Each structure stands twice: as C-alpha cells, then as structure tokens.
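Note that the structure is a prediction, hence the values are computed from the model and not measured. For the single chain, residues carry numbers from 1 onward in sequence order.
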Amino acid sequence: METAGKKREKFRELASNRTDKALEAIERIGNLSNRQLYEWEAGEIRKIIKALRDEVAKVEARFETPNTRRRDRFSL
C-alpha cells in the first residue's frame with residue numbers, strides 16, 4: 001500500500017500535468033476566435049463556453065462528492 005506522502009506526490013504530479021494540458025486545450029479553443037481563419041456563429045461559441053463551464057462545475061462537485069458520473073462527449 002502506498003504511503004500518504006507517495007499518494008500526495010502522485011496527486012501533485014498528475015494534477016500539474018493534467019491541469020497544464022487542460023489549460024493548453026482551452027488556449028487552443030481560444031485560438032478559434034480568429035475570424036481571418038475561422039467562421040463561427042455566436043450560438044456555437046455560447047455552446048462551447050457552456051460546455052466548459054459545466055465541466056468545471058462537475059470537477060468541483062467531484063471533489064466535494066467523489067464518485068460522481070463522468071461527462072458525455074461534446075459536439076456542436
């Protein structure tokens with residue numbers, strides 16, 4: 001069985017890596033705002049932002065109440 005220190009170290013390592021990847025992915029979504037390269041409608045942007053906010057709310061809920069349901073896949 002892992003000691004509490006090892007579990008904490010593993011959590012910090014994974015949390016840092018996964019948070020960094022999530023932030024990079026969000027940044028790439030932000031790059032889609034370039035109207036010279038992409039065409040989009042306001043409703044599509046609202047749907048993307050809502051999906052991101054909803055998922056952050058689920059993450060918060062999982063830390064308050066572990067073992068909650070995983071997310072459904074996003075599509076426009």
- Any side chain to side chain donor-acceptor pair (under 3.5 Å) involving residues 10-19? Give me the pairs, sequence neighbours left out, ordered by first then second residue. none
- Task: Please report the C-alpha distance between K50 and D54 in whole Å, then the side-chain angles of each, then the deciding distance to 0.1 Å, and finally whether the salt bridge (charged side-chain N to carboxylate O under 4.0 Å, His left out) criterion is met.
- Result: CA-CA 6 Å; K50 182 182 181 324; D54 289 349; 2.6 Å; yes
- Is E41 atom CD crowded by more than 12 heavy atoms from other residues, nucleotides or ligands, each under 6.0 Å away? no
- Message: Main chain of T3, side chain of R8: is a donor-acceptor contact present, judged purely on distance under 3.5 Å?
- Response: no
- Task: First locate atom CZ of R46, then atom CD1 of I48, and finally report the distance between them rounded to the nearest 0.5 Å.
- Result: 11.5 Å
- Set of side-chain hydrogen bond (donor to acceptor under 3.5 Å, both in side chains) partners for K47, sequence neighbours left out: none
- Item | Atom pair CD1 (I49) and CD1 (I29), whose distance is rounded to the nearest 0.5 Å | 7.5 Å
- Query: Under the side chain to side chain contact (heavy atoms under 4.5 Å, CB included) test, which residues partner K21, sequence neighbours left out?
  - Reply: none
- Message: Grouping I, L, V, M, F, W and Y whenever their side-chain heavy atoms are under 4.5 Å apart, do I26 and V59 come out in a common cluster?
- Response: no
- Query: Would you say Y38 and N31 make side-chain contact, with heavy atoms under 4.5 Å?
  - Reply: no
- Query: Are L32 and I45 in one and the same hydrophobic cluster, where Ile, Leu, Val, Met, Phe, Trp and Tyr link if side-chain heavy atoms are under 4.5 Å apart?
  - Reply: yes
- Would W40 end up clustered with L37 when hydrophobic side chains under 4.5 Å apart are linked, directly or stepwise? yes
